[in-house]
Amino acid sequence: MSELAARNGQERADALLRLTRRLTDLIENETQLFRLRRPQDALALQDEKSQLANIYRAEVARAGNDPERFAGASAQAKSLLRTATERFHTSLADNARAVTALKVITEGVVRAIADEAVRQRSTANGYGPGATHRVQRSGTMPITLNQTA
């Protein structure tokens with residue numbers, strides 16, 4: 001489903017309001033999980049969030065191209081939709097901040113692990129009092145990162 005099921009502007013406004021509220025709830029739940037440092041638990045929200053986001057994006061694009069899509073919707077419905085949309089945008093911005101913070105933390109952990117691995121690669125040559133310490137000269141270590149987020 002990529003379009004809201006509605007016969008008129010009022011039904012469309014009501015359906016978009018429900019969709020916006022549900023999508024906002026999912027994003028706020030995800031943000032909370034990120035703040036609790038439990039991003040793995042947010043995976044359960046991804047399918048529904050993606051589906052709703054696609055429908056939302058398509059409906060907003062249609063509304064931009066055809067302002068009459070909401071003709072006949074009550075002033076109250078439009079006001080509720082406006083308020084829900086503002087909350088949605090606030091939640092998106094909050095989510096982006098949480099994602100950025102989580103990314104910074106993760107990158108710091110990966111960097112610390114890589115630095116420790118480089119440190120541990122320094123090995124002693126030989127045993128006993130005359131042994132020398134060989135240090136890796138490059139100062140870098142190959143590492144592969146998955147950059148999806």
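Index from 1, following the sequence. FYI, side chains are in, hydrogens and waters are out, and symmetry mates aren't considered; it's all heavy atoms of this structure.
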Problem set entry | Considering all heavy atoms, the nearest Leu23-Lys49 contact | CD1-O, 3.7 Å

Let me have the donor-acceptor pairs involving side chains of residues 5-12, under 3.5 Å, with sequence neighbours excluded, atom names and distances please.
unit_1, atom_1, unit_2, atom_2, d
Arg7, NE, Glu11, OE2, 3.3
Arg7, NH2, Glu11, OE2, 2.6
Asn8, OD1, Gln10, N, 3.1
Asn8, OD1, Glu11, N, 2.8
Gln10, OE1, Ser74, N, 2.6
Gln10, OE1, Ser74, OG, 3.4
Gln10, NE2, Asp14, OD1, 3.1
Gln10, NE2, Asp14, OD2, 3.4
Glu11, OE1, Arg7, N, 2.8
Arg12, NH1, Arg69, O, 3.0

Exercise. Quick one: are Pro39 and Leu33 in side-chain contact, heavy atoms under 4.5 Å?
Worked result: no

Seminar exercise, completed: Correct closest heavy-atom pair for Leu52 and Arg22 would be CD1-CG, 3.5 Å

Exercise. Side chains of Asn65 and Arg62: do they bring a donor and an acceptor to under 3.5 Å?
Worked result: no

Problem set entry | For Tyr56, all residues meeting ring pair (Phe, Tyr, Trp, His ring centres under 6.0 Å), sequence neighbours excluded | Phe88

Problem set entry | Any residue meeting side chain to side chain contact (heavy atoms under 4.5 Å, CB included) with Leu36, in chain and number order, not counting sequence neighbours | Gln32, Arg38

Exercise. Could you state the interatomic distance from CD1 (Ile27) to CG (Leu45), rounded to the nearest 0.5 Å?
Worked result: 10.5 Å

Seminar exercise, completed: So the ring pair (Phe, Tyr, Trp, His ring centres under 6.0 Å) pairs with at least one residue in residues 22-52 (sequence neighbours excluded) are none

Exercise. Is the shortest distance from a Lys or Arg side-chain nitrogen in Asp25 or Arg87 to a carboxylate oxygen in the other one below 4.0 Å?
Worked result: yes

Exercise. Residues two or more places apart in sequence or in another chain: which of them pass side chain to side chain contact (heavy atoms under 4.5 Å, CB included) with Ala15?
Worked result: Leu4, Arg18

For this session: Any ring pair (Phe, Tyr, Trp, His ring centres under 6.0 Å) involving residues 65-86? Give me the pairs, sequence neighbours left out, ordered by first then second residue.
Result: none

For this session: Could I get the full list of side chain to side chain donor-acceptor pair (under 3.5 Å) partners for Thr31, not counting sequence neighbours?
Result: Asn95

For this session: Only pairs at least two apart or in different chains count here, so list each salt bridge (Lys or Arg N to Asp or Glu O under 4.0 Å) that has a residue in residues 96-105.
Result: Asp94-Arg97, Lys103-Glu107

Exercise. Would a 4.5 Å heavy-atom cut-off, applied to side chains only, mark Arg35 and Leu102 as touching?
Worked result: no

Exercise. Is it the case that more than 12 heavy atoms not belonging to Gln40 sit under 6.0 Å from its CD atom?
Worked result: yes

Exercise. How would you list, by chain and number, every residue that makes a side chain to side chain contact (heavy atoms under 4.5 Å, CB included) with Ala84, sequence neighbours excluded?
Worked result: Leu17, Thr20, Arg21

For this session: With sequence neighbours left out, write down each residue that passes side chain to side chain contact (heavy atoms under 4.5 Å, CB included) with Asp115, or none if nothing qualifies.
Result: Arg111

